[in-house]
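Scroll down for the structure; my scribbles are underneath it.
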Amino acid sequence: MRLNTAASMTRTQTHEGAPAKRMTAMQALRRSVMSALLWEKEFYEDGEEIALRVQRLAGDVPVEDLAALAIELRTEGKLRHMPLLLLSVLARRAPGSSLVSDTIAQVLRRPDEMPELLAIHAHLNGVGPDRLKKVLPAQMKKGVARAFGRFDAYQLAKYDREGPIRLRDVLFLSHAKPEGEAQKEIWEKLIAGKLEAPDTWEVALSAGSDKRETFTRLLSEGKLGYLALLRNLRNMVEAGVDEKLIRDAILARKGAGNVLPFRFTAAARACPRMEAALDEALGEVILEMPRLEGRTLVLVDVSGSMDDKLSGKSDMTRADAAATLGSVIHGDLRVFTFSERTVEVPARRGMAGVDAILRSQPHYGTELGGAVRLANGIPHDRLIVITDEQSRTPVPDPVAKRAYMINVASNAHGVGYGKWTHIDGFSENVLRFIHEVEAQGEAA
């Protein structure tokens, strides 16, 4: 039988047709999870397809690396559901290891993540909630129990939501033990469904409270989370809430560290009246970023695939996320966008930068190869490319020693490896990573 046939010589390609680079199992796993919302369809790939690939790849890396990735994904990547999938795989691979319980205890940051983790674990093991007990490893129970003990009555009441698995079910399944009489009393109320309703905007409005009075009170008392603030700006303005109170809350940025940069763009788009305050708050994010020394060229992908929504419920696209990242880089910049052509745009910061990038040219093909060739002919100290990596033409190696390919999608194959420093994700922490990499290089 002949083995040297065309099929056996097939080269790996991007979805647009350019030759893709070979990756290690960990590189392939990172690109599949760091910019993904679990089970959400993307432009080129189905959400279920991505999830199956993640499970397969998660089985090919050392369990210690898998645990570290789950923690990074939750803390640095600021994602919630994909790390839970990694936890489930970790529990199946190392059911008797304390690494499982330690990792779970670090990843679970909100009460609603506990039932969600158990629901994902049941799904991956092909059982319903009624049979979940049979597939729960002891170390998963221990990790969930440790996490459960950190949450107070307010948090438990706020996130005790309807669903096949409730927080009381998590309590029974994990065999968590209360520390002291006060916690025991809280848990007994949770089991009985008698916890006091939390003071949130959702609860107040569902009970028929006046929208203006509710938001005014929560803002005045500092009880409105920053993400909830950004998501409700238009509601508050339309309800007649004092605009100075709203602006002050935006600028205070209480809890803003847990919000992805593109949320500011989304809020400004939903409520243009508050764009000035949002732009100022986003400017603070920029000032908190370490300044990159030397001249930096930034290439931002605005091809058609980047117009893909981040999730089925979101109005935001990967282009929005990429443009926002491109507008918060701190340093001496020249900024270009690429699609069919490569176009230079004003190196503006904040909302003006986002608009300049998104409106620079029509969003069609992905001529990443041509963009890098153009960049290679311009004097610079550093090249940063923000893209989904699905080039239709071969991508040359960068001439700059400091060259970074930031991937904001989860496609199986990409071009930004080899001489590129490859980074996955759309949190501003990908930019902090660049500074850390260079600082370590200079110290070496």
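Worth saying up front: this structure is predicted, and the values here are computed from it rather than measured.
The backbone N or O of Ala204 sits less than 3.5 Å from a side-chain atom of Ser209, completing a donor-acceptor pair. Judged purely by atom type and a 3.5 angstrom limit, Asn429 uses its side chain to pair as donor or acceptor with the backbone of Glu76. One N or O on the side chain of Thr317 and one on the backbone of Ala319 form a donor-acceptor pair closer than 3.5 Å. Remark: the backbone N or O of Leu132 is not paired with any side-chain donor or acceptor of His121 at under 3.5 angstrom. Not a single donor-acceptor pair under 3.5 Å links the side chain of Lys419 to the backbone N or O of Pro396. With hydrogens and angles disregarded, no donor-acceptor distance shorter than 3.5 Å links the side chain of Arg109 to the backbone of Thr75. Glu340 contributes a side-chain N or O that, together with a main-chain N or O of Gly365, makes up a donor-acceptor pair within less than 3.5 Å. Judged purely by atom type and a 3.5 angstrom limit, Tyr159 has no side-chain atom pairing as donor or acceptor with the backbone of Tyr154. Without hydrogens or angle criteria, Asp301 side chain to Ile386 main chain gives no donor-acceptor distance under 3.5 Å. Side chain of Asn232 to backbone of Ala228: a donor-acceptor contact under 3.5 angstrom is found.
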Take Arg348 and Asp355 through the test salt bridge (Lys or Arg N to Asp or Glu O under 4.0 Å) and record every step on the way to the result.
CA-CA 9 Å; Arg348 296 170 180 158; Asp355 287 343; over 6 Å; no
Full working for salt bridge (Lys or Arg N to Asp or Glu O under 4.0 Å) between Arg253 and Glu288:
CA-CA 13 Å; Arg253 298 174 61 243; Glu288 290 173 356; 3.0 Å; yes
Using the rule given for side-chain contact (heavy atoms from CB on, under 4.5 Å), can you reason through Leu69 versus Met26, listing the C-alpha separation, both sets of side-chain angles and the distance that settles it, and then say yes or no?
CA-CA 9 Å; Leu69 181 58; Met26 187 48 130; 4.2 Å; yes
For salt bridge (Lys or Arg N to Asp or Glu O under 4.0 Å), just list the numbers for Glu113 and Arg74, CA-CA rounded to whole Å, side-chain angles, deciding distance to a tenth of an Å, and then say yes or no.
CA-CA 11 Å; Glu113 293 169 359; Arg74 183 67 182 97; 2.7 Å; yes
Test Asp160 against Arg166 for salt bridge (Lys or Arg N to Asp or Glu O under 4.0 Å), laying out the working first.
CA-CA 7 Å; Asp160 185 24; Arg166 297 286 297 268; 3.2 Å; yes
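More than 12 heavy atoms of other residues, nucleotides or ligands shown are found within 6.0 angstrom of CD on Gln155. Within a 6.0 Å radius of CD in Glu196, no more than 12 heavy atoms belonging to other residues, nucleotides or ligands are found. Within a 6.0 Å radius of CZ in Arg432, other residues, nucleotides and ligands contribute more than 12 heavy atoms. Around atom CZ of Arg161, more than 12 heavy atoms belonging to other residues, nucleotides or ligands sit under 6.0 Å away.
Residues Leu156 and Phe148 form a side-chain contact, since some pair of their non-hydrogen atoms from C-beta on lies under 4.5 Å apart. By the 4.5 Å heavy-atom criterion applied to side chains, Leu29 and Val54 are counted as neighbours. Here the side chains of Leu84 and Leu108 are in contact, with some heavy-atom distance below 4.5 Å. Put simply, the side chain of Glu116 does not reach to within 4.5 Å of the side chain of Arg80, judged on heavy atoms. With contacts defined as side-chain heavy-atom distances shorter than 4.5 Å, the pair Leu383/Leu299 qualifies. With contacts defined as side-chain heavy-atom distances shorter than 4.5 Å, the pair Phe264/Thr324 does not qualify. The side-chain heavy atoms of Leu278 and Leu233, taken from C-beta on, include a pair separated by under 4.5 Å. Annotation: side chain of Ile434 is in contact with side chain of Glu438 (closest heavy-atom distance under 4.5 Å).
Atom CG of Asp60 is separated from atom CG of Asp65 by 12.5 Å, given to the nearest 0.5 angstrom. Between the CZ atom of Arg110 and the NZ atom of Lys158 there is a distance of 7.0 Å, given to the nearest 0.5 Å. Remark: Glu243 CD to Met236 CE distance equals 11.0 Å, nearest 0.5 Å. Rounding to the nearest 0.5 Å gives a distance of 9.0 Å between CD of Gln390 and NE2 of His413. For the atom pair Arg56 CZ and Ser32 OG, the distance stands at 8.0 Å (nearest 0.5 Å). Separation of atoms CH2 (Trp187) and CZ (Phe151) is listed at 11.0 Å; rounding is to 0.5 Å.
Looking only at atom types and distance, the side chain of Gln361 has a donor-acceptor partner in the side chain of Thr337 under 3.5 Å away. In this model, no donor atom of one side chain and acceptor atom of the other lie less than 3.5 Å apart for Asp320 and Thr265.
A pairwise comparison of heavy atoms in Ala375 and Leu297 identifies O-CD1, 3.7 Å as the closest pair. Summarising the geometry of Ala400 relative to Asp381, their closest heavy-atom pair is CB-O, 4.3 Å, with the distance given to 0.1 Å. Closest approach of Ser360 to Val302, counting heavy atoms only: OG-CG2, 4.4 Å. Scanning both residues, Met405 and Val415, for their nearest heavy atoms gives CE-CG2, 4.2 Å. Here the closest heavy-atom approach between residue Val345 and residue Ala356 is recorded as CG1-O, 3.7 Å.
The aromatic rings of Tyr417 and His422 lie parallel to each other, with less than 30° between the two planes, well short of the 60° mark.
The one candidate from Arg263, Lys309, Arg269 that meets the side chain to side chain contact (heavy atoms under 4.5 Å, CB included) condition with Met316 is Arg269.
A salt bridge is defined here as a Lys NZ or Arg NE, NH1 or NH2 lying under 4.0 Å from an Asp or Glu carboxylate O, and Glu367 with Arg373 meets this definition. Note on Glu293 versus Arg402: no salt bridge recorded, every NZ/NE/NH1/NH2 to OD/OE distance being 4.0 Å or above. The pair Glu213-Arg217 does not count as a salt bridge, with every side-chain nitrogen at least 4.0 angstrom from each carboxylate oxygen.
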